[in-house]
Protein chains: 2
Amino acid sequence: MTDLNRRHFLAAGAAATAGAMLSGPAQAAAPKDPMPAKWDETYDVVVIGSGFAGLAAAIEAKAAGSTVAVLEKMPTYGGNSIINGGILSVPGNAPQKALGVKDSPQLLAEDIIREGQGLNYPEKVKLMAREAYPTWEWTVKTLGVEYMDKVGQEGGHSVPRFLYTKNGSGSAVVQKEVDYLAKQGVKVRTRCYVETIIRDADGRVKGLKVRDGYRFPKADSGKVKYIKASKAVVLCYGGFGADVKFRTKYDPKLTAKFDTTNQPGATSELWRETARIGCTQIQQDWIQCGPWNSPEEKGMGIALYFAQGAAATRGLWVDCATGKRFVNELANRKVRADAVINLNNEGHKCIALADTSATDAWKVARPGMLEKELTAGVVHKADTLEDVAKMNNIPLAALKKSVDDYNKALAAKSGDEMGRTFFPKAQPMAKGPWYFSYLSPKVHHCMGGLQTDIQGRVIGIVDDQPIPGLYAAGESTGGVHGAVRLGSCATLDCLVNGRIAGKAAAAEKAWG
Amino acid sequence: MTDLNRRHFLAAGAAATAGAMLSGPAQAAAPKDPMPAKWDETYDVVVIGSGFAGLAAAIEAKAAGSTVAVLEKMPTYGGNSIINGGILSVPGNAPQKALGVKDSPQLLAEDIIREGQGLNYPEKVKLMAREAYPTWEWTVKTLGVEYMDKVGQEGGHSVPRFLYTKNGSGSAVVQKEVDYLAKQGVKVRTRCYVETIIRDADGRVKGLKVRDGYRFPKADSGKVKYIKASKAVVLCYGGFGADVKFRTKYDPKLTAKFDTTNQPGATSELWRETARIGCTQIQQDWIQCGPWNSPEEKGMGIALYFAQGAAATRGLWVDCATGKRFVNELANRKVRADAVINLNNEGHKCIALADTSATDAWKVARPGMLEKELTAGVVHKADTLEDVAKMNNIPLAALKKSVDDYNKALAAKSGDEMGRTFFPKAQPMAKGPWYFSYLSPKVHHCMGGLQTDIQGRVIGIVDDQPIPGLYAAGESTGGVHGAVRLGSCATLDCLVNGRIAGKAAAAEKAWG
């Protein structure tokens with residue numbers, strides 16, 4: 001008997017004992033994971049992931065009276081959220097009003113769906129836009145997050161509308177969420193890796209097989225434990241941007257030659273596991289590169305703050321080979337990243353360029369950042385525009401013309417040649433010294449993921465029904481941002497839908 | 001005890017008997033489908049689907065000495081292939097040479113990857129392009145398919161390069177494949193629906209649970225039988241274009257308001273089933289609409305032959321509200337369909353327009369088609385350009401200018417204003433009568449699907465390894481066409497990769 005045959009024989013025998021010849025769609029749908037003989041721990045709601053979404057879910061589940069665990073595979077909490085830029089889309093915020101900017105949830109929803117190429121689930125987008133202002137208020141009043149009294153603009157938005165944390169990082173939100181949870185007696189459990197989501201023959205998710213004390217990325221590290229989720233498991237495990245093998249399944253272009261802004265734990269294990277248990281995953285091939293990153297630093301870095309806040313908003317992005325602009329600097333991230341990647345592939349360097357009038361305006365918004373970037377050597381200083389040209393082998397006349405054309409259009413309030421809208425109170429580019437950073441896109445955000453309904457319930461692939469006991473929110477889900485996520489909408493998505501999922505999970509009836 | 005609890009209890013008990021506490025990735029990977037007590041039938045290779053790909057796989061598996069079954073759920077064979085336009089990309093064909101067109105497999109591969117936005121698996125594209133000419137030869141020499149001695153051009157191709165069957169339909173290829181198989185003693189088994197792909201605990205696909213005598217779409221019709229596949233199952237079940245619920249999971253825009261060119265059986269059952277057993281599916285959100293369809297007929301219809309062969313190639317596409325062209329008529333299908341959809345959504349009618357010099361050139365290529373289209377009332381005749389304007393409320397001066405501009409550019413061999421390349425020997429538009437059809441895109445092709453390796457083995461989602469005993473080809477697979485399938489490349493994909501999968505399946509070692 002060959003080994004293959006023996007294995008077949010044994011398996012067939014076991015299946016026969018368990019009641020072979022089961023048939024019909026109901027049995028076929030569920031993976032019938034083996035249930036543990038005994039659960040080591042029990043909670044009402046078990047949240048996987050400790051970024052914006054997972055923590056928000058945990059806060060709401062706890063507030064609703066449930067017992068809650070938050071599991072994080074990495075040695076530290078916060079995922080990508082804790083290294084994110086701390087920007088949040090809030091239509092109708094006070095700094096917008098001070099600048100005379102008119103905005104509304106409806107306009108935000110329109111921007112998201114237009115740039116998302118209509119791959120968005122419209123009801124999810126409208127809900128998120130409606131909840132933006134109250135969610136920002138919740139972070140201020142309930143969590144105590146502090147924001148700058150300024151508004152910024154990211155690509156694809158038709159108006160400046162993002163607020164940002166005082167420390168200029170998502171860590172300000174994450175830390176307040178963690179502190180809030182700690183006061184409620186819930187501590188994030190780091191180094192706790194989820195190996196199996198246990199879905200029973202009745203189709204319900206019952207709990208998890210975890211490895212406690214896990215050492216990323218060692219698959220067999222940690223002690224196996226079984227954790228029962230009496231009400232629900234909430235999946236907030238984030239994206240897979242750091243997983244080259246997995247991301248190239250969906251987008252073969254995004255090979256290892258692309259760096260990523262993500263933390264190393266942004267890998268695919270639970271994407272694979274949720275597919276195994278029959279969750280629907282959608283639009284995984286939409287993987288966003290951050291267009292503003294610098295090749296002079298690893299990962300997310302800090303040059304992007306200058307490239308976006310000073311140069312894209314009040315300066316120019318320039319192709320060094322031609323001295324010309326090559327994209328609307330406030331187009332969505334896909335448009336901009338593709339434009340830079342195409343030029344990079346032709347051997348052209350691209351820079352984000354700003355004069356001192358731009359950096360002065362931006363410095364008020366991000367105090368100390370320019371100095372930090374200069375010290376790190378990722379933003380460079382030049383006394384004159386001539387020096388900028390010299391340092392980067394840019395044809396000087398063409399570069400001057402690009403700056404002149406922008407200044408003329410700004411003065412005339414005529415259309416910008418690239419279709420960019422002028423930032424309120426933007427000044428002509430004329431005042432030295434000048435600053436620039438290099439552009440080289442990095443894998444940043446997974447737009448696709450689990451299909452969820454408006455309550456955050458995960459939808460099964462076999463029958464389009466919610467999988468009992470399973471919720472999801474944040475980057476692990478798809479259908480919110482569609483083809484292109486707009487900057488400052490990830491935090492929004494995570495907070496809004498994390499809270500919704502946490503509340504709904506806590507409202508589930510316990511299975512046993 | 002509640003019903004839910006009882007079901008849980010029973011299932012847990014059964015699992016315990018079967019050896020609960022199984023653990024580790026190997027066990028987790030396989031869905032452990034119940035094996036039948038007895039197989040009703042046994043074949044070496046079982047092919048699911050009877051379009052171009054399935055039939056090609058069956059031919060090759062049979063030629064390699066395997067016993068073969070071809071299962072088709074519908075009452076007739078051929079799937080979408082039998083209603084397709086019968087066009088095949090063949091770089092280096094004789095009619096190209098007669099027109100002085102230079103082409104190569106490399107140029108075809110470049111076109112496919114460029115228009116596919118680099119979501120293609122490059123090695124698959126190169127293989128397909130290399131195999132194009134020999135595959136065309138195989139259809140002529142082995143199957144006896146007859147082609148017109150003309151070359152046509154579809155959108156996104158940089159040169160005219162498709163050959164097409166004498167009857168102007170894919171049925172010419174399907175029928176020859178079916179006839180060839182019949183001579184080898186293999187008859188397509190219609191009304192045979194695959195309900196379960198049985199994947200065993202060792203990870204191998206062992207066979208199928210089918211419903212013989214199935215009446216689409218009645219889930220419980222037909223007699224349950226178990227068919228063993230000793231060597232492999234080859235999945236050629238096509239796309240899901242006719243399944244509104246499933247397609248809107250991935251692209252929420254494509255609601256029921258969009259008609260489809262697909263046959264009614266282009267539904268999702270096996271997309272769901274292959275996801276259930278752990279196959280990787282990629283890029284399902286790329287669903288192509290045919291840009292050339294007419295709202296005046298149901299389904300695929302026949303107006304498209306005029307809209308593409310006469311108007312897109314040697315005429316114009318015009319926005320009736322403005323009298324202007326609105327897209328490069330030879331852009332890829334996505335670009336064109338999006339352009340028409342956007343105008344349709346604004347309430348604008350769009351027409352495909354050709355004069356008699358264009359239809360004369362095209363009539364030689366598709367004899368009898370224009371008369372058929374006129375009789376069906378899907379192509380309309382007007383004595384003069386003035387009449388075209390009158391019949392469609394088009395601003396006459398603007399329409400005349402559009403025609404004049406095209407004629408001038410053609411005469412001057414200057415660039416076409418929309419970036420279109422002029423078809424070889426195209427004549428100025430001047431000769432009445434004029435002809436037009438209306439444009440209204442319909443859901444046409446699913447670019448995404450199963451991830452397969454270069455041999456057609458289906459890749460698992462848990463571990464990126466081929467699933468033993470499982471192959472796939474054609475529209476059920478993804479990663480070949482990337483974001484946008486080019487016209488005349490579906491038949492190519494199906495024939496090339498169907499043959500490869502059939503050969504490889506036959507070369508498998510039988511499992512028992």
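Here is the naming used below: chain letters follow the sequence lines, and residue numbers restart at 1 for every chain.
For Q283(B), the parts sitting under 4.5 Å from any heavy atom of chain A are the backbone and the side chain alike. Only the backbone of T248(B) comes within less than 4.5 Å of a heavy atom of chain A; no side-chain atom from C-beta onward does. Only the backbone of Q281(B) comes within less than 4.5 Å of a heavy atom of chain A; no side-chain atom from C-beta onward does. Heavy atoms closer than 4.5 Å to chain A are found in the side chain of I459(B), but not in its backbone.
No side-chain heavy atom of T280(A) sits under 4.5 Å from any side-chain heavy atom of F246(B). Between D338(A) and Q117(B), the closest side-chain pair of non-hydrogen atoms is not below 4.5 Å.
Ranked by heavy-atom pairs under 4.5 Å with chain A, the first of K253(B), Q284(B), K245(B) is K253(B). In terms of non-hydrogen atom pairs under 4.5 Å with chain A, the most contact-rich of D251(B), I282(B), D220(B) is I282(B).
For G118(B) against P252(A), the heavy-atom pair with the smallest separation is O-CD, 4.0 Å. Residues R272(B) and I461(A) approach most closely at NH1-O, 2.9 Å, considering heavy atoms.
Looking only at distances, a side-chain donor or acceptor of Y121(A) sits under 3.5 Å from a matching main-chain atom of K249(B).
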